[in-house]
Amino acid sequence: PVIPCLVSQWSVWSGCAEPCKTTYRVRRRHIIQEPRNGGEPCPPLEERAGCVEYWTWQGTECKQSLIPALITTGGFGKARKKRAAADGNDRAGYCVEFQLVAVTPGCSQSHHSYTHWMQYLREGHTVCVECQHPALNSRSQHCYGDGSGSKKNQLLHWQAVGNPQCKGTWKRIRQLDTCSCPSVHSFLFI
């Protein structure tokens with residue numbers, strides 16, 4: 001008789017292959033019955049999925065360059081600057097230019113007025129992200145996720161605030177003391 005391949009259920013997903021970097025996790029299944037007499041061949045026995053672990057195996061937090069940058073529209077910064085000036089806290093910030101490498105479809109599928117700015121996030125575009133008070137960490141003088149300390153061409157993660165389905169990766173190009181991007185491509189670290 002023709003006997004098809006029979007495989008087990010998938011195992012649970014493993015942890016990330018390595019901490020503190022974009023890597024993968026694995027799940028496996030095994031062959032219960034080998035195919036015989038021209039029976040259906042066995043399907044893949046291993047699957048991999050993307051994974052990032054923010055803690056080392058010793059339990060310490062990974063370097064900040066891995067933390068996804070949380071961004072919002074640059075327009076939010078104008079209101080925030082007015083509040084900071086009223087508080088007497090107008091420490092100078094900086095901007096970082098990034099090249100967008102990957103953008104999830106969720107960025108263009110949101111139709112709320114407060115997420116309209118996300119449609120300007122397109123793969124291949126260069127964007128400016130401003131780091132200003134209060135997102136500017138007073139000790140490190142950096143914003144979390146700004147990519148300082150990352151290697152050249154390292155893929156860094158970002159996520160849009162207000163829509164968890166809008167996220168992606170980018171590469172840091174350079175840091176600028178003054179921000180001069182077109183307003184539709186200006187964003188802000190939160």
Side-chain angles (χ1 to χ4, degrees), residues 1-72 96-112 115-127 129 142-174 185 187 189-190:
V2 173
I3 299 175
C5 178
L6 194 60
V7 295
S8 68
Q9 294 292 316
W10 287 109
S11 68
V12 296
W13 285 103
S14 70
C16 295
E18 288 180 70
C20 302
K21 62 179 357 178
T22 306
T23 180
Y24 62 90
R25 56 196 172 123
V26 180
R27 68 179 185 171
R28 294 184 174 92
R29 55 188 173 187
H30 60 272
I31 297 171
I32 295 172
Q33 172 68 59
E34 291 282 354
R36 290 199 206 115
N37 303 325
E40 183 91 19
C42 293
L45 301 176
E46 182 178 291
E47 280 187 343
R48 291 182 177 201
C51 188
V52 177
E53 178 54 62
Y54 296 108
W55 297 86
T56 67
W57 287 316
Q58 292 76 32
T60 57
E61 200 171 356
C62 300
K63 293 191 293 288
Q64 76 173 37
S65 66
L66 269 175
I67 296 170
L70 296 175
I71 61 170
T72 190
V96 182
E97 278 187 355
F98 294 96
Q99 180 177 20
L100 290 166
V101 176
V103 176
T104 57
C107 295
S108 58
Q109 293 169 351
S110 189
H111 302 295
H112 299 289
T115 59
H116 185 72
W117 62 273
M118 296 175 193
Q119 69 182 339
Y120 297 107
L121 294 164
R122 298 269 166 82
E123 291 176 12
H125 282 192
T126 297
V127 295
V129 186
H142 284 281
C143 283
Y144 283 112
D146 74 354
S148 61
S150 63
K151 298 181 187 76
K152 189 166 173 53
N153 287 327
Q154 181 177 346
L155 282 182
L156 303 166
H157 295 263
W158 58 267
Q159 181 172 330
V161 173
N163 177 0
Q165 276 70 52
C166 181
K167 53 190 168 187
T169 55
W170 57 20
K171 291 180 183 176
R172 180 182 168 114
I173 299 171
R174 61 188 170 143
H185 294 126
F187 302 101
F189 289 109
I190 289 293

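These numbers were taken from a predicted model, which means no experiment stands behind them.
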* Structure fact -> Rounding to 0.5 Å, atoms CH2 (W158) and OG1 (T169) come to a distance of 8.5 Å
* What are the two closest heavy atoms between L156 and G147, and how far apart are they? -> CD1-CA, 3.5 Å
* Asked: What closest approach, in Å, do P43 and V7 show between heavy atoms, and which atom pair accounts for it?
  -> CD-CG1, 3.8 Å
* To do: Taking all heavy atoms of C107 and all of V103, pick out the closest pair and write down the distance.
  => SG-CG1, 3.5 Å
* Closest heavy-atom pair and its distance - P35, C42 -> CD-SG, 3.8 Å
* Heavy-atom neighbours of E40 CD exceed 12 at 6.0 Å -> no
* Passing candidate, side chain to side chain contact (heavy atoms under 4.5 Å, CB included) with W170, options L121, L155, V129, V96 -> V129
* Where the side chain of R172 meets the backbone of D146, is there a donor-acceptor pair that is under 3.5 Å apart? -> yes
* Count the heavy atoms of every other residue, nucleotide or ligand shown that sit under 6.0 Å from CD of E46, and state whether that count exceeds 12. => yes
* Structure fact -> When rounded to the nearest 0.5 Å, the distance separating OG1 of T104 from CD of Q165 is 7.5 Å
* To do: Mind checking the NZ-CD spacing from K171 to E97? Nearest 0.5 Å is all I need.
  => 15.5 Å
* When rounded to the nearest 0.5 angstrom, what is the spacing between CG in L6 and CD in E34? -> 11.0 Å
* To do: First locate atom OG of S14, then atom CZ of R27, and finally report the distance between them rounded to the nearest 0.5 Å.
  => 11.0 Å
* Ignoring hydrogens and geometry, is there a side-chain-to-backbone donor-acceptor pair from Q159 to K167 under 3.5 Å? -> no
* To do: Compare every heavy atom of I31 with every heavy atom of C5, then report the nearest pair and how far apart it is.
  => SG-CG2, 4.3 Å
* Asked: Looking at CD of E47 and OG of S11, how far apart are the two atoms once the value is rounded to the nearest 0.5 Å?
  -> 9.5 Å
